[in-house]
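Just below is one structure, and these are the notes that go with it.
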Amino acid sequence: MARVLVTGISGFIAKHVALQLLQAGHDVVGTVRDTAKRDQVRETLVRHGADHTKLSFVEADLMSDDGWEEAVAGADFIQHLASPFPLQQPSDREALVPPARDGMLRVVKAGLAAGAQRIVVTSSLAAVMYHPKHKGDFEAGPDNWTDPEWSAISAYIVSKTRAEQALWEYLDAQGERERATVINPGLVLGPALDGRAGTSLYVVEAILKAAYPALPPISFPTVDVRDLAALHVAAMDSPNTAGQRLLAAADTLTMQEIALILKDAFPAFARKIPTKELPAWLVKFMANFDKSLRSVTSDLGRRRKARTAYVTEKTGIAFRPARDAVISAAESLIEYGVVQPPD
Ligand code: NDP
């Protein structure tokens, strides 16, 4: 059994990764930047059956060197998931780069120096799919890269792209490419382990709460968090995955398709769930006045897909249909009281 560092263990995906590692018998050290979150994370993981004696915490912030040496000490493997994923995008498109890129390099440098065998870094399809040369529908593979200079993309997309580019540049300069594996997930749905699911489940939450009267014509290659966590664990010590980018997504769903799945599966919400799609031109026009819409203008009216058969071949992890991920996300939001059926 190994000792595994999970950075950002309070996050939606990281809690699933930690749970699967603990269930497999590994020792897990999680980083938090706020000590109050230790107890919340411990309580959540124990409630889902984890052995708390195998779980410990270190305080560390991506913006500071403090704590990282302690965090990586004795780690056989590192799962680096911490990175800002805000619901509202900052207007400065480079604002998230310092924690995402420089914070990641802090973890990677400390991990390599401490002798970690492999560092699994959670990047994103955001670092793969956005390039002005791709017109219309488009299927992305591991050789595709987002253009971080493209003015149509959000601060989050810029941060994930610059971070992953910097990772490979650093590893190549050190001759250490084989000591990392990158995972590039699409939109991550599936069940939250507690009522703190962050930005990820907001698409489902907003539809159930009827936060929009109509839906923008955008789509997401979608992956279930349980499959994604299994991929993180499988990628950790497999020779097949050393130095690779592993795209993680099942089928692609539009917001309208997500709404129709929810309407069908949750009759108590059906009356309120919006299913009308706004025309792309209207959303583009509205983005002139509403800043929050600007980050989706590059997605309007297009269906982007991810090619992932090679990932299943290398790791044995198959991605369940996106519909299951949508339904189980909604079930968990209802179970933890994040959304309630309308009166
Ligand atoms: P969450 O927001 O739930 O988790 C993010 C984690 O990063 C939290 O633990 C957060 O800590 C931590 N974090 C943020 N800023 C800092 C910082 N300055 N120092 C230390 N820790 C920090 O997001 P997800 O679980 O959804 O995402 C996890 C990873 O997966 C991220 O790298 C994200 O970019 C990537 N990803 C997510 C996708 C998704 O759809 N969810 C899709 C593709 C990639 P705190 O709790 O203190 O805020």
Side-chain angles (χ1 to χ4, degrees), residues 5-19 30-41 44 57-68 71 79-90 95-107 120-130 140 146 154-164 167 182-205 220-229 231-232 245-250 253 258 306 322 325-326 329:
L5 173 67
V6 177
T7 70
I9 196 167
S10 55
F12 166 59
I13 304 168
K15 277 180 282 199
H16 277 273
V17 173
L19 182 63
T31 69
V32 287
R33 55 177 169 165
D34 169 0
T35 44
K37 294 205 172 168
R38 291 173 189 216
D39 294 343
Q40 291 174 356
V41 172
T44 296
F57 297 92
V58 172
E59 205 176 318
D61 191 305
L62 292 169
M63 297 295 279
S64 155
D65 289 335
D66 298 346
W68 292 109
Q79 299 276 355
H80 176 59
L81 290 109
S83 204
F85 185 26
L87 191 53
Q88 296 299 336
Q89 293 294 305
L96 304 177
V97 173
R101 180 192 61 197
D102 307 343
M104 176 274 300
L105 288 174
R106 251 185 203 107
V107 175
V120 178
V121 174
T122 315
S123 179
S124 173
L125 281 184
V128 176
M129 292 194 313
Y130 295 88
T146 290
S154 68
Y156 174 72
I157 299 177
V158 172
S159 78
K160 295 305 284 184
T161 309
R162 294 215 191 282
E164 198 194 326
L167 172 71
V182 163
I183 297 184
N184 301 80
L187 174 68
V188 187
L189 298 180
L193 293 177
D194 55 30
R196 293 172 291 274
T199 299
S200 204
L201 299 195
Y202 186 71
V203 172
V204 173
E205 181 184 334
F220 309 96
T222 301
V223 61
D224 188 286
V225 67
R226 294 163 290 187
D227 299 335
L228 180 61
L231 180 62
H232 278 74
R245 291 178 104 192
L246 305 178
L247 273 48
L253 294 176
I258 295 174
V326 171

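Every number for a ligand or one of its atoms is a count from 1 in the order of the listing. Hydrogens, waters and symmetry mates are skipped; everything else that's a heavy atom, side chains included, is used. Residue numbers run from 1 in the order of the sequence given.
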Taking all heavy atoms of T199 and all of P86, pick out the closest pair and write down the distance.
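Taking every non-hydrogen atom into account, OG1-C, 3.6 Å.
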Among V17, I183, L189, find the one that has a side chain to side chain contact (heavy atoms under 4.5 Å, CB included) with L228.
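Exactly one candidate clears the test, I183.
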Please confirm whether the backbone N or O of L62 pairs with a side-chain atom of R106, one donor and one acceptor, at under 3.5 Å?
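Indeed, once roles are kept as given, a pair shorter than 3.5 Å links the two residues.
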Is the shortest side-chain heavy-atom distance between E59 and R38 below 4.5 Å?
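Answer yes - side chains close enough.
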P191 vs D224 side-chain heavy atoms within contact, under 4.5 Å
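When only atoms from C-beta onward are counted, D224 and P191 do touch, with a gap below 4.5 Å.
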Would you please name every residue forming a side-chain contact (heavy atoms from CB on, under 4.5 Å) with T44, sequence neighbours left out?
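So T44 forms a side-chain contact (heavy atoms from CB on, under 4.5 Å) with K15, R47, H48, L193, D194, R196.
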At a heavy-atom distance under 4.0 Å, which protein residues reach ligand 1? Sort them by chain and number, would you?
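Residues within 4.0 Å of ligand 1: G8, S10, G11, F12, I13, R33, K37, A60, D61, L62, L81, A82, S83, P84, F85, T122, S123, S124, Y156, K160, P185, G186, L187, V188, S200.
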